[in-house]
Structures are given as C-alpha cells and as structure tokens.
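One structure below.
The residues of the chain are indexed from 1 along the displayed sequence. Read the numbers this way: they start at 1 and go in the same order the structure lists the ligands and their atoms.
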Amino acid sequence: MREIIDDIFDIEGSVLITGVLVGGKQVDIAISEAGTIVGIDEKNGARDAVEAEIVVDGSESIAIPGLVNTHTHAAMTLLRGYADDMPLQDWLTQKIWPLEAHLTGDDVYWGTKLACLEMIRSGTTAFNDMYFFMDRAAEATDEMGIRGTFAHGFIDLSMEEKREAEIKATETLVSHIKGLGNPRLTAAVGPHAVYTVSPDGLSWCAGYAKEQDIGIHIHVSETEKEVVDCVAQYGKRPPALLDECGCLTPRTVAAHCCWLDEADCRLFAERGAHASHNPASNMKLAVGRAMPYHHLKDAGANVCLGTDGCASNNNLDMLEEMKIAALLQKFSWNTQTLLPAGEAIGIATAGGARALGIGPGTLTVGAPADIVLIDRRKACTTPLHNTDSNLAYACNGSAVHTVLCSGRFVMYDRVVPGEAAILKGAAQAAAALVQRAEEAE
Ligand SMILES: O=c1[nH]cnc2c1ncn2[C@@H]1O[C@H](CO)[C@@H](O)[C@H]1O
Ligand SMILES: [Zn+2]
C-alpha cells in the first residue's frame with residue numbers, strides 16, 4: 001500500500017477515475033497527461049478517451065471541482081489562536097501588526113506550507129493570497145502542488161517613502177513570480193484597503209496591474225467605520241474611490257464587501273469586479289453586517305468565497321465556509337431561500353475560478369483537472385438524498401480523501417507527502433516568532 005501511495009505522487013501520466021458520483025450520476029472522468037479533463041461520461045464512455053496510466057476506483061466517492069479560496073493570508077496559520085475575540089482595529093493594531101513586524105521569509109515559508117497542507121486536506125486546489133515575503137509563499141505552494149495567486153500586501157499609510165518601498169516590493173515580487181514560469185503560480189497587486197493605501201498608491205496599483213496584465217486583490221468595505229471614514233475623507237464610498245483610482249476591474253477580487261449598498265453592488269457588476277464572501281471572519285470580528293449577496297446577485301456581480309487568514313477564522317476549511325456562508329446569508333437577511341446549497345458550492349468553485357481566471361471551475365471537458373474526491377462511506381454522506389445538500393450542510397473537510405490539481409495527486413487516500421515535517425516546521429516557526437516578539441517588547 002505504502003509503495004503504491006508513494007508512487008502515485010510521482011507519476012506524471014494520464015488518470016481515469018471510474019464510477020464516481022457527479023451531480024447525482026455515476027460517471028468516469030478521464031484526465032490527460034497535461035492535466036486537463038478530456039472525458040466525462042456515463043456508460044464507460046470516458047474510458048476510451050485516454051489510455052490511463054493510473055486508474056482510481058471512484059465508486060465510493062463523490063467528485064467535485066477543486067475548491068477555490070479567494071481570500072487568504074496563508075502564512076497567518078502561524079498566528080492561529082494568537083489573538084481572538086477582539087474588534088478588528090484593536091486586533092490588527094495591538095496584536096497582529098506588532099507580531100507581523102517580526103516575521104521572516106522562513107516563517108512565511110512554513111506558515112504557507114501548513115496552509116497548503118490544511119487546504120489540500122479539505123479540498124482546496126487554488127487560493128488567492130495577500131501577505132509579505134511572497135516569494136517564499138510561492139516556493140511553499142509550488143512544493144505542495146496546488147495553485148496560488150500571490151500579492152504583496154501594499155500599505156503606504158499616505159507616506160511617500162513607504163509608497164516607494166511598496167512599489168519596489170510589488171515589482172520585485174511580480175517579476176519573480178513571472179520568472180518562475182509556473183502555470184500554477186500567478187502574481188497579483190495587493191493594495192491592502194482604502195484606509196491603509198493613499199489614492200496615489202491605489203492609482204499606481206491599478207496602472208501596474210494593467211501594465212502587467214495581472215489581478216488586484218484588496219479588502220473592501222469590511223466595516224462600517226471603513227465606509228464612514230472614507231466618505232468623510234474623500235466624499236465617496238470605498239467602491240467609488242477605488243473606481244476613480246482604476247482599481248475596480250474584471251481582474252479585481254474584493255474581500256469582505258460587507259457594507260456595500262445597492263449602488264455599490266451595481267458598480268461591482270458594471271466593472272466586472274469579484275466580491276469574495278468571508279463569512280467566518282466577518283462573524284468572528286463582528287463587523288456588523290453580512291455581504292449583501294442578494295443585491296450582488298440581482299445586479300449580476302460575481303460572488304466567490306474565502307476564509308481570510310487563520311487568525312480570524314481559525315481554519316481554512318472551505319466546506320465549512322460554504323455552510324457558514326449559506327447560514328449567515330439566510331439569517332442576516334431573514335430569507336430562508338437565500339444562498340441555497342447548490343449556489344454555495346457554486347461560489348466556492350466556479351465563482352472562485354472565474355475570479356482568479358483558472359478555467360470554468362466545473363467538472364467538464366476542457367477544464368483543468370482540479371478534482372476533489374469525497375468519501376461516500378461517512379455519516380455526513382449517508383444517506384445521499386441530494387449530494388449538494390450533503391456537501392454544503394453536512395460535510396466538512398474531513399470527508400475529503402483524494403485531491404488532484406492539474407491532474408496530479410496532491411492527496412491520495414488522505415495521505416499528503418511530508419505532512420509530519422510540515423507540522424513540526426510550522427510549530428517551531430510559530431513558537432520562535434512569538435518568542436522574538438516578546439523579547440523585543
Ligand atoms: O480581515 C482583515 N482585514 C484587514 N486586514 C487584515 C485582515 N486579515 C488580515 N489582515 C492583514 O492584512 C495584511 C495582509 O498583507 C496583514 O497585515 C494581515 O494581518
Ligand atoms: Zn484579509
């Protein structure tokens with residue numbers, strides 16, 4: 001068994017998954033050596049599509065597209081449980097930012113390794129990350145075999161000197177990521193928020209993203225204070241300010257979006273910007289309002305899903321996040337029919353893939369073979385009256401047993417290569433980080 005498992009992570013060949021449940025039907029999924037779905041068919045049709053090097057029996061599994069986590073600070077896994085139960089501003093300024101001042105590139109490497117391990121274990125194959133030392137985050141992600149979009153968290157606090165340094169850091173990261181030439185790793189520009197980046201900084205970010213043909217990743221309208229302060233300072237709400245600076249584009253992923261009004265939602269739709277819902281973080285930091293999913297949907301804006309960092313969630317489980325999103329929407333807007341199970345899965349898969357530009361995010365011919373197999377032999381998958389319901393409401397990440405990204409196995413039968421070393425390395429890095437911070441006090 002061990003040998004077969006070790007082998008499966010190294011084989012770069014075609015794959016056939018037989019008899020797996022997709023959308024209530026038992027199908028075969030054929031995957032090319034290049035990592036694309038080339039056949040998906042009932043009645044053994046896909047078996048002819050590829051001479052498979054690896055055949056996986058899918059008869060005890062449900063297959064879904066890889067989950068896409070559209071808002072993370074992956075290396076914040078090291079800060080998991082470091083500061084909880086505080087308001088956002090105090091949490092950031094009193095606890096998180098002082099500790100982050102002591103972060104090193106090695107910390108980010110180990111924190112991101114741990115994040116990838118956790119994401120793979122719970123079925124995530126792509127994430128949109130904003131943090132520091134992002135070359136090391138990309139290195140960790142490359143080793144783990146999943147997809148990442150990496151943005152340096154750009155914060156200028158309206159100081160020209162800081163802005164110049166952030167511009168340099170952003171340019172260095174983008175050319176580094178592009179230089180790797182790895183299709184799983186992409187760069188983005190990451191202006192942190194309207195309360196930490198000046199209009200000049202935002203305009204530079206927009207221009208650079210356009211020039212480099214890459215995305216923008218930003219926090220938008222997370223708290224009421226952010227909106228009120230923005231109106232007081234600039235005479236307009238955050239989305240209008242961002243739009244004026246050129247930051248609302250079809251390549252923009254805006255995290256949180258809790259305090260959007262209906263006009264903001266229409267502006268998002270008009271510009272093609274993507275709204276990333278982060279319900280667990282929003283509830284934990286008690287930001288006071290849920291993303292207006294119904295207004296975004298009515299306006300025709302794309303909604304996707306994210307966990308935010310592990311200091312405000314405190315895990316990266318997208319199956320759990322789906323349930324939290326679906327429940328929060330119903331509860332907040334007093335509407336039982338809002339964000340039903342199928343739509344919750346949709347924002348976690350197709351919505352996210354669209355936001356990050358990584359294919360359709362569906363199990364269809366031509367799509368990247370980012371595939372998650374969920375165990376049918378679990379309490380949470382028994383009975384299976386409606387698989388969408390089981391996935392959105394009953395399961396969490398522990399039901400995931402096998403994960404492919406771009407046609408390569410990153411977890412097989414719950415084994416992720418190197419897990420013990422990752423847990424040890426990350427725990428050591430976290431302890432040393434806190435110790436350095438305490439010594440500096
Ligand atoms: O919910 C949040 N709102 C605002 N900032 C956040 C949140 N979570 C993490 N960060 C902070 O964003 C920066 C990313 O580069 C980091 O400083 C991180 O701590
Ligand atoms: Zn965030």
Side-chain angles (χ1 to χ4, degrees), residues 69-103 105 107-108 111-112 115 127-138 148-157 162 165-166 169-170 173 187-197 201 205 216-227 229-230 238 252-259 274-291 304-316 321 430 433 437:
N69 190 341
T70 54
H71 181 58
T72 61
H73 312 282
M76 287 184 91
T77 49
L78 298 191
L79 279 64
R80 189 192 330 261
Y82 175 72
D84 297 301
D85 312 321
M86 297 173 76
L88 176 66
Q89 275 305 320
D90 296 351
W91 175 79
L92 277 177
T93 57
Q94 293 167 19
K95 299 292 293 187
I96 300 300
W97 286 342
L99 189 64
E100 284 178 343
H102 298 275
L103 271 178
D107 292 336
V108 169
T112 308
F127 65 108
N128 187 35
D129 205 35
M130 178 204 292
Y131 215 50
F132 316 111
F133 302 104
M134 295 305 276
D135 53 328
R136 305 302 307 279
T149 299
F150 303 95
H152 169 77
F154 186 115
I155 296 180
D156 71 7
L157 304 174
K162 253 186 162 311
E166 295 295 64
T170 299
L173 175 71
V189 183
H192 175 263
V194 296
Y195 58 91
T196 43
V197 187
C205 287
I216 297 173
H217 183 185
I218 184 167
H219 298 97
V220 179
S221 300
E222 182 175 8
T223 62
E224 186 173 27
K225 181 179 176 349
E226 172 183 339
V227 178
D229 290 354
C230 185
T252 300
V253 180
H256 303 299
C257 297
C258 307
W259 289 87
H274 311 273
S276 174
H277 191 15
N278 311 140
S281 169
N282 296 157
M283 289 199 284
K284 185 158 183 265
L285 292 166
V287 298
R289 191 174 184 265
M291 163 194 272
C304 45
L305 191 66
T307 57
D308 208 352
C310 267
S312 58
N313 188 302
N314 291 7
N315 66 36
L316 303 172
E321 202 72 22
L433 170 63

Quick check on contacts: which atoms of ligand 1 are under 4.0 angstrom from a heavy atom of [X]?
X	value
Gly153	15 (O)
Trp97	17 (O)
Asp308	1 (O), 2 (C), 8 (N)
Ile96	19 (O)

request  = Start with the C-alpha gap between Glu100 and Phe132, add the side-chain angles, then the distance that decides, and say whether side-chain contact (heavy atoms from CB on, under 4.5 Å) holds.
outcome  = CA-CA 9 Å; Glu100 284 178 343; Phe132 316 111; 3.7 Å; yes
Just to confirm my output: which protein heavy-atom neighbour is closest to [atom], and how far is it?
atom	result
atom 1 (O) of ligand 1	Glu222 OE2, 2.8 Å
atom 17 (O) of ligand 1	Glu100 OE1, 2.6 Å
atom 5 (N) of ligand 1	His192 NE2, 2.8 Å

Would you check if [X] and [Y] make a side-chain contact, meaning some heavy-atom pair closer than 4.5 Å?
X	Y	answer
Thr77	Leu316	yes
Ser221	Cys257	no
Ser276	His217	no
His71	Val253	no
Met130	His219	yes
Leu305	Pro279	yes
Glu222	Tyr195	yes
Thr307	Thr72	yes

ask   = From the Zn ion (ligand 2), how many protein N/O/S atoms are found at a distance short of 2.8 Å?
value = 4
request  = Ignoring angles and geometry beyond distance, decide whether Ser312 reaches within less than 3.5 Å of ligand 1 through its nitrogen or oxygen atoms.
outcome  = no
inquiry  = Tell me whether Trp91 has any N or O atom under 3.5 angstrom from an N or O of ligand 1.
reply    =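 Between Trp91 and ligand 1, no N or O pair is found under 3.5 Å apart.
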inquiry  = Can you see whether Glu321 engages Asn313 through a side-chain donor-acceptor pair at a distance of less than 3.5 angstrom?
reply    = yes
ask   = Do His73 and Asp308 have a side chain donor and acceptor closer than 3.5 Å?
value = yes
key: Sole residue of Asn314, Asn278, Leu88 in side chain to side chain contact (heavy atoms under 4.5 Å, CB included) with Lys284   =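 It is Asn314; the other options fail the test.
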ask   = Using heavy atoms and a threshold below 4.0 Å, how should the contact between His219 and ligand 1 be classified: side chain, backbone, both, or neither?
value =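 The part of His219 near ligand 1 is the side chain, not the backbone.
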task = Select the closest option to atom 14 (C) of ligand 1 among Met76, Glu226, His73, judged by heavy-atom distance.
result =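 Considering heavy atoms of Met76, Glu226, His73, the nearest to atom 14 (C) of ligand 1 sits in His73.
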query = Can you tell me if Phe154 has a non-hydrogen atom under 4.0 Å from ligand 1?
reply = no
